[in-house]
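Note that the structure is predicted; figures quoted are calculated from it, not measured. We count ligands from 1, going down the list as the structure has it; atoms in each ligand are counted the same way.
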Amino acid sequence: KWVPITLLLSFADAQPTDAEREVWEQVDVVLKDAKAVLDELQAYKGAGQEIREAIQNPNDEVLQEQAWAAVVPLVGKLKKFYQFSQRLEAALHSLLGALTSETYNDPTQHLEREQALAKQFAEILHFTLRFDELKMTNPAIQNDFSYYRRTLSRMRINNVPADGENEVNNELANRISLFYADATPMLKALSDGTTKFVSENKNLPIENTTDCLSTMASVCKVMLETPEYRSRFTSEETVSFCLRVMVGVIILYDYVHPVGAFAKSSKIDMKGCIKVLKDQPPNSVEGLLNALR
Ligand SMILES: *[C@@H]1O[C@H](CO)[C@@H](O)[C@H](O)[C@H]1NC(C)=O
């Protein structure tokens, strides 16, 4: 599949044109917070120790209080991450709207003329896969949250007022709990967002959205497999950026498209994409191959 060279080269530092600016600025505000979310998640330690001690010594009030004091601020973080997933979903919604609008009539043209938006789309996917990788390797998250819920309901029964700002009402707690129960919660949020975008835009054939995704996948694939382009990548970070974006769009495509990414009729060259992944140093892509499985 043909990919315009300017698109390949612009991935690094695309600046928004006037036509892109409104959506770009909206999304930029969200992306600016993404780094902080990743840093916080990476540093997330969990209250496993305190929880264990509290559970092992149910009659020790001091230990109960210590566990609660450790868990409440963590739940505040988990709530913040969850709320961020909703902002990200909204940002993706705006980007899909722009990248599939009738302004241009094919997805390659869209991506070529809206390179800064394409770049933001890529950044969202990159963030998403990174978030899910970190979440997957941190079992403390679900443990902390379920301890919080159990303890909270016990406190409610005993009529003890709970902490204010970090408190999570029951309905929100259910949604947060569902969010973290998923193996890849951020990707799930994006997939749901994409599905919602497709179903809200009844006049827009589903292909127009999935073509945007498959074009993104082929941009990444061509960049990674063509030595001439690849040699322009100044850091390994750019390589892993492209790899994550490629896998992210494949998964979204698979989720949204009625026959999926792995079907014969798929517009994504899955064989080619998997080959690109397998050609990387093995330890660097295991998580991504697992995500595809
Ligand atoms: C959907 O895509 C086709 C082909 O790329 C294009 O001709 C058509 O205008 C698009 N439809 C909408 C509603 O944008």
Among protein heavy atoms, which sits nearest to atom 14 (O) of ligand 1, and what does the distance come to when rounded to 0.1 Å? Glu102 CG, 3.0 Å

Flag the pair Asp39 and Lys35 as a salt bridge only when some basic side-chain nitrogen lies within less than 4.0 angstrom of an acidic carboxylate oxygen. yes

Which word best sums up how the rings of Phe84 and Phe127 line up, parallel for under 30°, tilted for 30 to 60°, or perpendicular for over 60°? perpendicular

Are the charged groups of Lys267 and Glu207 less than 4.0 angstrom apart, N to O? yes

Can you tell me which residue and heavy atom of the protein come closest to atom 11 (N) of ligand 1, and the distance to 0.1 Å? Asn208 ND2, 2.9 Å

Please evaluate residues Lys135 and Gln142 with respect to the criterion side-chain contact (heavy atoms from CB on, under 4.5 Å), reporting the C-alpha separation (whole Å), side-chain torsions for both, the decisive distance (0.1 Å), and the verdict. CA-CA 9 Å; Lys135 187 263 168 182; Gln142 269 179 283; 3.8 Å; yes

Ignoring angles and geometry beyond distance, decide whether Asn105 reaches within less than 3.5 Å of ligand 1 through its nitrogen or oxygen atoms. yes

Have a look at ligand 1 and work out which part of Asn203, if any, has a heavy atom under 4.0 Å from it: side chain, backbone, both or neither. backbone

side-chain contact (heavy atoms from CB on, under 4.5 Å) between Phe197 and Thr100: does it pass, once the steps are laid out? CA-CA 11 Å; Phe197 173 81; Thr100 59; 3.5 Å; yes

List ligand 1 atoms under 4.0 Å from Leu204, heavy atoms only on the residue side. 12 (C), 13 (C), 14 (O)

